[in-house]
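All values below were derived from every heavy atom in this structure, side-chain atoms included, with hydrogens, water molecules and symmetry-related copies excluded. Just so it is clear: chains get the letters A, B, ... in the order the sequence lines come, proteins before strands, and each one is counted from 1.
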Protein chains: 2
Amino acid sequence: MTGKRVSQPRKSVWLSPPRARGRKGTESSSTGLDLDRIVAAAVRLLDAEGDAQFSMRRLAAELNVTPMSLYWYVANKDDLLELALDAVAGEIKLPAPGPDSDWREELRALATAWRRTMVAHPWAVRAYGAYLNIGPCSVRFTSCAQDIVARSSLPQHEHPAALSAVFQYVYGFISTETRWLEYARETGQTADEFFSEVADSVEEMPGERASGGLMEQHESLSMDELRDRDFDRALDWLIAGMCADVATARQPRQPAGR
Amino acid sequence: MTGKRVSQPRKSVWLSPPRARGRKGTESSSTGLDLDRIVAAAVRLLDAEGDAQFSMRRLAAELNVTPMSLYWYVANKDDLLELALDAVAGEIKLPAPGPDSDWREELRALATAWRRTMVAHPWAVRAYGAYLNIGPCSVRFTSCAQDIVARSSLPQHEHPAALSAVFQYVYGFISTETRWLEYARETGQTADEFFSEVADSVEEMPGERASGGLMEQHESLSMDELRDRDFDRALDWLIAGMCADVATARQPRQPAGR
DNA sequence: ACCTGAACACCGTTCAAGT
DNA sequence: ACCTGAACACCGTTCAAGT
């Protein structure tokens, strides 16, 4: 995030030997600092003001403390953001693996749960794209997804590709979704107002026929409902596609229209 | 990008009245500045050192000029990055709409072209996620995609969802792909080395059964080939899924396994 | 063990001034 | 019309010092 040239480039908090951090047991007095309190405050601040406004100095002020005191608990800003990211990853509600439930339903449920938490913490999807996501909660999340496809009807050698496919799609979706919501929030407009304004402007641009078909079906559905529907839709297409690919047992490496 | 609290929040360069910029005709002497030269230099610098290292001051130095001279051509750093983004969008090789070609092939070709350019400019996928992408080249790119699905066999009302589905997927894919490549570059490792190191570390972490199945098929294929295959694979699944959904004409709103 | 203060090397950008 | 210099309000972080 800072990007200053360093001799030993950092990779992840989770790949470094732990500091004083992580001693959750110590019920410290409410006055003293504490890694958990710092991370919690960071999440609160990031939610409230966005990652662009977030700074170590701002956070320190929030905690009534000198900026440098944070550095006793955390090596640098990137590490702190990685910790904050894993904290919100812990908020994702993982579906319980009911014995009689369909794996496709569970996968949809997991994707929806992920989407829901990310919409609540837009900065976190940017962090998700920036870091390695190998904290305990992130790993638990990934494991959950792996378990689900492991119980699927897909052949084992397809599991990684299947997992990656839905992950990439969902990540892409929530990435642009949260960005639009942030834009609306920043400009003080509703999502619809902002979208309409942009669409109109593109319409008026020189060259090409404009955003045809992107603004049509505004009769019965709100934009939120439209987004929900498109999200589920593509997920279904993807899952249906990989199931069909298996059903029609062509030679496994050679996909459809080649 | 800066995030300072401003009275009038910016939305996009392309939504503001143009400055002196854009006078491409003026064959200015090679000594003077020029919007095109500035943008080109920015792209060069971003490619070489990444967006984390990029700054107005650094760019000015590169152009042998005072930082503030840039501000005659460009309102702020975000605007400049948006211009740089559109410049690389112009590098995407759009498939020519051959009259006898399959729309699915064209869609795959477009996705692949997009991916190729983004891998060449990793900072641009972050910019893509941050801005509105409504510059002339970006719009041309989007229009091309729209034309392709317009020629598809899908019912008209599905076109926006179909377009969005493949966009989100491809964006998600290249987003994580370029991030891994950047990590490898930053650490001076090959992509394989870096990936193995991370995978091993996750393996040793407490709790959960580890990254099962993510590191299997390392026999005949390199990581690059694996990625290429997975990219095409999910794209095929997605396209197959949406075609199948149409073929088996169930009631249009109620997808597969509900 | 935990926290502070001063300082360094950076940022983006405003503003008044130069040519 | 185009570019500069000084200055402002910020950054993340180092380092030596306090308790």
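Between W123(A) and F54(A), the distance from one ring center to the other does not fall under 6.0 angstrom.
Nearest-nucleotide mapping onto DNA chain D: of M68(A) and R58(A), the residue sitting toward the 5' end is R58(A).
Atom pair D51(B):CG and dC11(C):P shows a separation of 14 Å (rounding to whole Å applied). Between K77(A) atom NZ and dC11(C) atom C1' the separation is 12 Å, expressed in whole Å. Atom P of nucleotide dC11(D) and atom CG of L45(A) are separated by 11 Å, given to the nearest angstrom. Between the CZ atom of F54(A) and the C1' atom of dG12(D) there is a distance of 12 Å, rounded to whole Å. Residue L70(B) contributes atom CG, which lies 15 Å from atom C1' of dT14(C) at whole-angstrom precision. Protein atom CE of M56(A) is 6 Å distant from nucleotide atom P of dT13(D), rounded to whole Å.
For dC2(C), neither phosphate oxygen OP1 nor OP2 lies less than 4.0 angstrom from any side-chain nitrogen or oxygen of S69(A). Taking 4.0 angstrom as the limit, Y71(A) places none of its side-chain polar atoms (N or O) nearer than this to OP1 or OP2 of dT4(C).
Searching all strands for a Watson-Crick or G-U wobble partner of dG5(C) with both distances below 3.5 Å returns dC15(D).
Listed nucleotides dC3(C), dT13(C), dG12(D) differ in distance to R57(A); the shortest reach to its side chain belongs to dG12(D). Side chain of T66(A), nearest nucleotide from dT13(D), dG12(C), dG5(C): dG5(C). Listed nucleotides dT13(C), dC3(C), dT13(D) differ in distance to N76(B); the shortest reach to its side chain belongs to dT13(C).
Relative orientation of the Y183(B) and F194(B) rings is parallel, given thresholds of 30° and 60° on the angle between their planes.
Nucleic acid contact class of S55(A) (heavy atoms, under 4.0 Å, all strands): sugar-phosphate only.
Taking the ring axis of F173(B) as reference, the NZ or CZ atom of R115(B) does not stay both within 45° of it and closer than 6.0 Å to the ring centre.
In this structure, S69(A) contributes its side chain and V65(A) its backbone to no donor-acceptor pair below 3.5 Å.
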